[in-house]
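Please read all numbers here as calculations on a predicted model, not as lab measurements.
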Amino acid sequence: MGYQILLICVLAFIPTILGRGTITLGHDTTMGTIVIDGTKTIAETDENFVCLTLDIWPHDECRWSKLCVWDGHASMLNLDLTLPILNKAVQAFKSVRIRIGGTLQDKLIYNVGAGFKGTCHPFQAIEGSLFDFSVGCLYMERWDDLNNFFNNTGAIVTFGLNALLGKHNTKGIQWEGKWNYSNAEALIQYTVEKNYRINSWEFGNELVGRISIGASITAAQYAEDLLKLREIVDRLYNNSQQKPLIVAPGAFFDEAWYDEFVRKTGPKVVDVLTHHIYNMGAGHDPKLVYRFVNSTYLSQVSNTFEQLENVIQKNAPWAAAWVGEAGGAYQGGSPRLSDTFINSFWYLDQLGMASLYNTKVYCRQTLIGGFYGVLKSSTLLPTPDYYGALLFHRLMGPKVLKINNHVSSDLRSYAHCSRGRSGATLLLINLSNTTDFLITIENNTNMSLQKRNTRTNDSHLKHRRKRTALREEYHLTPKDGLLRSSTVLLNGNPLETTKEGDIPNLVPVYRQRNSYIHIASWSIAFVVIPDFVAPACR
C-alpha cells in the first residue's frame with residue numbers, strides 16, 4: 001500500500017518537476033500538456049456550423065457492379081419524410097443546416113412556370129447522356145412536403161438550383177450559352193408565395209473548370225449567370241425581412257477559377273463561396289482505411305482551406321467560406337467503412353480543421369443516402385458519425401481558440417469556446433492504436449488547471465470555483481474495439497435509439513478538474529471545461 005501511495009504522489013508531481021514536456025511512461029502511455037490561448041479568437045464559424053446534405057439520385061442509380069449506392073429511396077425525391085426516426089434524428093440538433101443538391105441538380109426541372117408545368121418527368125437512366133440520366137422533375141407537391149419537413153424539424157435550408165438549363169455542350173466537357181433562368185425564377189416565386197423559409201439558394205454543382213465532374217462553365221459565364229440570379233432574388237424578396245443568401249459555385253476548389261469568378265461578379269453578389277472535399281480517395285480504394293488514421297495525410301487538406309481563405313481576404317472580403325459537400329470517400333462512400341467508427345477520425349478532424357480557417361458551414365455528404373450517410377439508408381439508424389456531429393454541434397461554440405499541442409502528431413486537438421456557456425471545449429482525437437495519452441490543460445497565462453491559485457480571500461469566487469470544478473468528458477470508442485463497428489460507445493455505453501426512434505441521451509462522465517484527461521488509443525473525446533478562463537469567450 002505504501003508503494004502505491006508513493007507512486008501516485010510521484011505521478012501527480014511529474015508535470016511540476018519536468019514542466020510542459022511530453023513524458024513517456026511506457027510503450028503505451030504518454031503524458032503531455034496542451035496549452036489553450038483564451039485571450040483571443042483565431043477564427044469563427046456560423047452558429048449552425050454542422051450541415052448535412054440530401055442528394056437527388058434516384059433509387060436505381062448503380063455505379064457499383066451489382067450494388068446500387070442509392071437503393072432504399074434515400075434521396076430528396078423519394079425519401080419517406082414522415083418516418084419518426086428521421087424526424088427525431090434531425091430534431092435532435094434543434095437547428096441543423098440541410099443542403100439539398102448534388103450531381104443531378106443541374107438536370108432537375110421544376111414542375112412550375114410557363115413552359116415547364118406539366119412537361120417534366122422523373123429521371124430515367126440513359127447511357128451516354130450527361131451523368132447517364134435524362135432530365136428529371138421536382139413536382140411542387142414534393143416541394144411542399146419537403147418544406148413541411150424542414151419546418152417541422154427546424155432545419156435551415158440551402159437549395160441547389162439548376163445552372164445548366166439553356167446551355168449546350170460544345171466540346172469535351174465545356175458547356176456554353178446563357179442560363180435559362182425562367183424555371184428557377186418560377187420556383188423561387190412559388191417559394192416566396194408559400195412563405196417557405198429558404199436560408200440560401202446555391203447555383204450549380206461541380207461545374208468549375210477542368211476539375212468539374214461532367215460539365216464545365218467558364219468563370220466569366222458563371223459570373224454573368226449569377227448576376228441574373230442576384231437580380232431575381234433581390235426583386236422577389238424585396239419585401240421580405242430575411243433575404244436568402246446566394247451560394248456558389250459548389251465545386252472542387254480551383255484557385256484561378258475562383259479568383260476570376262469573384263472579380264467578375266463584384267462586391268456583394270455572391271454571399272458564400274462554397275467548395276467540395278473528397279480527399280480520402282475512391283470508395284473502393286483498398287488504401288482508404290489507412291488514410292483515416294494517418295495524421296500527415298489528414299493534414300494535407302489544410303492547404304485548400306488556406307487557399308480559399310486567401311482568395312476571400314484578397315478579392316471577396318464580403319463573402320464567407322463554406323464546405324458545401326464532403327463525404328470523405330467519393331463514389332458514394334465505401335461499404336462497411338464509411339458508416340463505421342473509423343470514418344469518424346477524418347470527419348471530426350476535418351470539422352475541427354475547417355473551423356480554423358473561418359469556414360462558416362461544413363456540409364457532410366449525406367444525412368441519408370449512399371454509404372456515407374450519417375443515417376443508414378436501409379434502417380435510418382444513426383451511424384457513429386451522426387453522434388459525433390451531434391456532439392460537435394451541441395458542445396463546440398462558434399469561436400475558435402488557438403491551441404498548442406506538442407504531445408504527439410497522433411493526438412489531433414481543437415479548442416472552441418463552449419456553446420451556450422462559459423469555458424472552453426476540446427475535441428481530442430487519438431489516431432494511435434498503441435498509445436494512450438494522459439493530458440493536462442494549461443491556458444496561455446501559464447497557469448495549469450491543476451495549479452490554479454487557491455489562496456484568494458474572495459469567498460464568492462471560491463464558491464463559484466467549487467461549483468464548476470468538475471469537467472465533462474464524452475469519450476467515443478468502437479464496440480468491442482473494432483474500428484469497423486457501426487456501433488459507437490459513449491463512455492463505455494452503446495448509443496442506440498429506442499424502439500420509437502428516440503435519440504439516446506448523450507450523458508458525460510464528470511471528472512475533477514485537477515485530474516488528467518485520459519485519451520485511450522483509437523478513440524475520440526469531447527472535453528468541456530466550464531471554468532477555463534478565456535476572455536475571448538465572454
For [X] and [Y], test the side chains for any donor-to-acceptor distance below 3.5 angstrom and give the result as yes or no.
X: Y414; Y: D349; result: yes
X: Y196; Y: D144; result: yes
X: Q307; Y: N303; result: no
X: S355; Y: H416; result: yes
X: R412; Y: S299; result: yes
X: Y278; Y: Q331; result: no

Which heavy atom of [X] sits nearest a heavy atom of [Y], and at what distance?
X: Y372; Y: G327; result: CD2-O, 3.7 Å
X: Y357; Y: S302; result: OH-CB, 3.7 Å
X: T425; Y: S418; result: OG1-OG, 2.7 Å
X: N405; Y: S413; result: ND2-OG, 3.0 Å
X: Q350; Y: A326; result: OE1-CB, 4.1 Å

When you compare the side chain of [Y] with that of [X], does any pair of heavy atoms fall below 4.5 Å?
X: L367; Y: L86; value: yes
X: I312; Y: E309; value: no
X: L483; Y: T340; value: no
X: S75; Y: I56; value: no

Item to complete: Quickly, which of I100, T53, L81 forms a side-chain contact (heavy atoms from CB on, under 4.5 Å) with M76? Name it, please.
Response: I100
Practice prompt. Apply the side-chain contact (heavy atoms from CB on, under 4.5 Å) test between I156 and each candidate in I198, N48, V361, D46; give the one that qualifies.
Written response: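 Of all the options given, the one that passes is N48.
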Discussion item. Can you tell whether the side chains of E185 and K228 come within less than 4.0 Å, N to carboxylate O?
Written reply: no
Item to complete: Considering only NZ, NE, NH1 and NH2 on the basic side and carboxylate oxygens on the acidic side, decide whether E47 and R419 come within less than 4.0 Å.
Response: yes
Practice prompt. Would you confirm whether the ring centroid of F159 sits within less than 6.0 angstrom of the ring centroid of W143?
Written response: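 Yes - the distance between ring centres of W143 and F159 falls below the 6.0 Å cut-off.
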Worksheet item: Hey, do the aromatic rings of F341 and Y387 have their centres closer than 6.0 Å?
Response: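 They do not qualify: ring centres at least 6.0 Å apart.
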Worksheet item: Angle class for the F49/Y362 ring planes (parallel below 30°, perpendicular above 60°, tilted otherwise)?
Response: tilted
Worksheet item: Do K107 and D132 pass the salt bridge (charged side-chain N to carboxylate O under 4.0 Å, His left out) test, and can you show the C-alpha distance, the side-chain angles, and the key distance before you say yes or no?
Response: CA-CA 11 Å; K107 299 199 75 173; D132 290 328; over 6 Å; no
Worksheet item: How far does CG of N148 sit from NZ of K194, to the nearest 0.5 angstrom?
Response: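 It comes to 9.0 Å.
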